[in-house]
Engineer: 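Can you read through this structure? Questions will come right after.
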2 protein chains.
Amino acid sequence: MEAVTIKDVAALAGVSVGTASRVLSGNPATSADTRERVAAAAAELDYQPNAQAQALRSTRSNSLGLLVPDVRNPFFADLAHAAEQAALSAGYVTLLGNANERNDQQDRYLDTLISRRVDGVIVAPVGDDGGRLRALIEREIPTVLVDRTVPGLDLPSVTTDSETGIRQAVQHLAEQGHTRIGYISGPEATSTGRDRFASFTRAVAEAGLSQDPELVYFGDYQAASGSAGVHTLMDLTNPPTALLAADSLMAVGAISILHRLGLRIGTDIALVAFDDIEWFALLNPALSVIAHSVEDMGRIAVDLLLQVIAGHTPESVVLPSELIVRASSATPIRPTTQPEQRSQQ
Amino acid sequence: MEAVTIKDVAALAGVSVGTASRVLSGNPATSADTRERVAAAAAELDYQPNAQAQALRSTRSNSLGLLVPDVRNPFFADLAHAAEQAALSAGYVTLLGNANERNDQQDRYLDTLISRRVDGVIVAPVGDDGGRLRALIEREIPTVLVDRTVPGLDLPSVTTDSETGIRQAVQHLAEQGHTRIGYISGPEATSTGRDRFASFTRAVAEAGLSQDPELVYFGDYQAASGSAGVHTLMDLTNPPTALLAADSLMAVGAISILHRLGLRIGTDIALVAFDDIEWFALLNPALSVIAHSVEDMGRIAVDLLLQVIAGHTPESVVLPSELIVRASSATPIRPTTQPEQRSQQ
DNA sequence: GGAACCCATGGAATCGTTTCCATGGAATCG
DNA sequence: CGATTCCATGGAAACGATTCCATGGGTTCC
């Protein structure tokens with residue numbers, strides 16, 4: 001079955017290809033009669049324009065690239081969903097790429113996106129050197145960073161201000177009597193890893209809590225490193241009584257190993273996670289989280305990108321974060337390390 | 001910055017466009033010397049071929065369409081990931097579309113995929129009438145169904161045999177002393193909804209348990225309907241002592257409402273869910289599930305599609321399902337509704 | 001009633017590749 | 001050594017749309 005082209009439509013309608021094209025693309029320079037005949041012919045043949053030919057000629061593909069580090073991470077799945085819906089309602093299809101937290105896969109996808117001449121790209125970058133992102137910039141392909149940034153690349157971005165949420169979390173834990181908070185950090189090779197770690201460090205200093213460097217474990221945003229982090233931290237001679245995990249997947253890893261160690265979350269140890277995942281509220285005990293709106297992030301990223309495509313240079317957006325206290329951190333814990341405890345009131 | 005074309009490469013290498021094209025596409029009819037000069041020129045200019053022009057001329061786009069009902073559903077996120085990786089290693093990019101469990105969005109995406117002239121499409125279909133799927137078939141676009149099928153459409157598919165897993169689950173619950181099992185079903189407008197419901201009905205009859213039609217609630221595979229189902233079922237004058245949810249999202253909805261009702265899962269009520277999600281093992285109590293391999297499903301779907309593209313007509317594949325017992329259903333429950341209880345041994 | 005204008009239309013060029021066909025020089029054969 | 005084959009290459013057509021330019025018929029105006 002040969003695909004039906006605009007030629008077939010034109011022939012059936014008894015007009016030239018040019019006229020058919022004008023009608024189908026909504027060019028007003030057409031008579032009502034022609035419009036009707038061409039539309040009828042297109043419907044009759046169930047004509048679907050060849051997007052490749054359109055893109056080749058018009059240098060617009062009506063498609064956006066979206067590159068995330070890991071689709072299975074619910075945060076990025078939600079982000080993909082939000083961005084995709086926003087793009088769709090602006091008339092763009094989304095090409096979703098999955099870097100698997102690997103630089104080489106990200107670079108490979110970036111080249112693919114260049115080849116496909118997408119009209120713009122949204123990237124939650126893996127790693128710190130930019131890689132083929134620089135090729136996008138050289139080609140002046142509209143690009144927006146989301147969630148993470150890359151040092152030295154001056155691109156519009158949508159990120160989260162971790163400072164507020166993390167400070168709230170640390171203060172909240174301090175109020176429950178915790179003095180030693182273990183921090184399961186994201187990798188220092190990501191901007192979010194560095195940023196959240198810096199916020200944590202400041203918050204701990206501010207609250208006058210232990211700044212013991214042993215209380216920090218550097219993970220890689222994958223579940224397994226959350227487990228490893230818990231192992232390392234709880235093996236300290238002076239282990240923490242509360243944990244803060246820098247993303248949802250590491251929190252998942254932490255939870256599973258805490259269960260296995262027989263430590264009751266919320267009672268034996270407090271736990272707070274960065275990223276608000278629907279499921280976290282269902283856990284028993286429900287997990288306290290530092291929430292930020294992935295909905296907004298996706299929508300705004302598309303918005304910024306559309307502005308760049310339109311030739312503007314929008315300002316970067318920083319979204320707020322906020323602590324949501326649930327049972328996993330709500331119980332004051334008897335300070336095992338501080339004997340001096342009197343009724344102070 | 002004008003994009004660099006094969007013309008530029010040819011000029012720099014001092015050959016004709018045709019020759020440059022031959023070298024770049026690996027055509028053997030080229031001299032070693034030319035090959036080297038063209039490759040050097042392409043590297044020098046950081047040439048990325050225009051995929052649109054290639055596709056237009058060669059009628060192959062090296063891209064696949066993947067249409068899922070809901071990316072935020074972890075089952076489909078995993079499926080997308082598995083398929084995308086399999087496609088990538090076969091040299092295809094994946095265009096991911098999200099139907100949002102809506103027929104119109106699915107149809108819209110299908111038209112987009114036709115327009116983009118993807119080489120093939122993998123669909124987990126929404127609804128029962130096929131909709132624009134028939135347009136794919138008319139155009140002889142290679143298509144494979146995954147997870148769900150559509151009555152009347154004779155396409156290769158990868159699905160799960162729900163029979164075994166569901167029978168195991170029902171028998172297991174019967175062994176714990178349950179006689180009234182509540183079933184939160186998927187919609188009858190999906191093949192999986194019908195199929196799992198039929199398996200449940202058979203299994204219940206086989207095990208000699210209550211076939212009270214009131215014990216079945218028809219949901220829509222979204223979390224909210226899981227909650228609604230629990231409400232309805234637990235409001236019965238003779239409520240079930242065990243629940244079986246036909247997918248993970250409805251199980252999530254069920255869990256959240258059970259918590260709110262103060263019913264302890266695994267003690268007051270047993271719960272088993274279809275679909276094995278990593279997180280389910282982390283819940284407290286851990287959730288018993290009917291597992292099937294989404295990994296395999298994605299991989300095999302791509303595999304079948306590649307066969308169709310190659311001109312073959314592969315057999316459909318049915319994957320097994322299997323009960324994994326965890327704490328949410330492991331405790332025998334004292335039958336509250338049956339007073340006649342003697343030492344029967 | 002003829003000049004000026006408008007507007008719908010047809011025809012052709014174009015986008016960047018691939019691929020077919022022709023060419024011409026080198027190699028091989030009898 | 002002349003004829004055949006081979007092979008790398010250049011040139012041009014083609015893919016399916018958009019868009020520019022020219023055309024010609026119908027209005028409008030003086």
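Proteins come first, then strands; the chains are lettered A, B, ... in the order of their sequence lines, and each starts at number 1. Owing to the predicted nature of the structure, the values given are computational and were not obtained by experimental measurement.
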Engineer: Can you list, pair by pair, the side-chain donor-acceptor contacts under 3.5 Å of residues 301-318 of chain A, counting residues two or more places apart and other chains?
Structural biologist:
| from | atom 1 | to | atom 2 | distance (Å) |
| --- | --- | --- | --- | --- |
| A:Ser316 | OG | A:Ser157 | N | 3.0 |
| A:Ser316 | OG | A:Ser157 | OG | 3.3 |

Engineer: Given a 3.5 Å cut-off on both pairing distances, which stems involving DNA chain C, each at least three consecutive Watson-Crick or G-U pairs, are present, if any?
Structural biologist: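 The stems are C:1-30 with D:1-30.
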
Engineer: According to salt bridge (Lys or Arg N to Asp or Glu O under 4.0 Å), who are the partners of A:Asp33, at least two apart in sequence or on a separate chain?
Structural biologist: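 Partners of A:Asp33 under the salt bridge (Lys or Arg N to Asp or Glu O under 4.0 Å) test: A:Arg37.
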
Engineer: Can you give me the N/O atom pairs linking the protein to nucleotides 5-7 of chain C at distances under 3.5 Å, or say none if there are none?
Structural biologist:
none

Engineer: Taking only residues at least two apart or on different chains, which pairs with a member in residues 108-159 of chain B satisfy ring pair (Phe, Tyr, Trp, His ring centres under 6.0 Å)?
Structural biologist: none

Engineer: Donor-acceptor pairs under 3.5 angstrom involving side-chain atoms of residues 112-122 of chain A: please list them, not counting sequence neighbours.
Structural biologist:
| from | atom 1 | to | atom 2 | distance (Å) |
| --- | --- | --- | --- | --- |
| A:Thr112 | OG1 | A:Arg108 | O | 3.0 |
| A:Ser115 | OG | B:Pro49 | O | 2.9 |
| A:Arg116 | NH2 | B:Ser61 | O | 2.6 |
| A:Arg117 | NH1 | A:Ile114 | O | 2.8 |
| A:Arg117 | NH2 | B:Gln48 | O | 3.3 |
| A:Asp119 | OD1 | A:Ser61 | N | 2.9 |
| A:Asp119 | OD1 | A:Ser61 | OG | 3.3 |
| A:Asp119 | OD2 | A:Ser61 | N | 3.3 |
| A:Asp119 | OD2 | A:Asn62 | N | 2.6 |

Engineer: List the atom pairs, with distances to 0.1 Å, where a side-chain N or O of residues 91-98 of chain B and a protein N or O form a donor-acceptor pair under 3.5 Å, not counting sequence neighbours.
Structural biologist:
| from | atom 1 | to | atom 2 | distance (Å) |
| --- | --- | --- | --- | --- |
| B:Tyr92 | OH | B:Arg60 | NH2 | 2.7 |
| B:Asn98 | OD1 | B:Val71 | N | 3.0 |
| B:Asn98 | ND2 | A:His81 | NE2 | 3.4 |

Engineer: Using atom types as modelled and distance alone, determine if a side-chain donor or acceptor of A:Arg148 lies under 3.5 Å from a backbone N or O of A:Ser191.
Structural biologist: no

Engineer: What does the B/S/- profile of nucleotides 14-23 of chain C look like, 5' to 3', with a 4.0 Å heavy-atom cutoff to protein?
Structural biologist: BBBBBBB---

Engineer: For B:Arg134, what residues pass the salt bridge (Lys or Arg N to Asp or Glu O under 4.0 Å) criterion, not counting sequence neighbours?
Structural biologist: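 With sequence neighbours excluded, B:Arg134 shows a salt bridge (Lys or Arg N to Asp or Glu O under 4.0 Å) to no residue whatsoever.
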
Engineer: Who passes salt bridge (Lys or Arg N to Asp or Glu O under 4.0 Å) against B:Asp111, sequence neighbours left out?
Structural biologist: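 For B:Asp111, the residues satisfying salt bridge (Lys or Arg N to Asp or Glu O under 4.0 Å) (neighbours in sequence not counted) are B:Arg132.
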
Engineer: List the residues meeting salt bridge (Lys or Arg N to Asp or Glu O under 4.0 Å) with B:Arg299, not counting sequence neighbours, and say none if there are none.
Structural biologist: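 B:Arg299 satisfies salt bridge (Lys or Arg N to Asp or Glu O under 4.0 Å) with B:Asp296 once adjacent residues are dropped.
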
Engineer: Enumerate the residue pairs fulfilling salt bridge (Lys or Arg N to Asp or Glu O under 4.0 Å) with a member in residues 67-94 of chain A, sequence neighbours excluded, ordered by first and then second residue.
Structural biologist: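 Residue pairs passing salt bridge (Lys or Arg N to Asp or Glu O under 4.0 Å), neighbours aside: A:Asp70-A:Arg72.
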
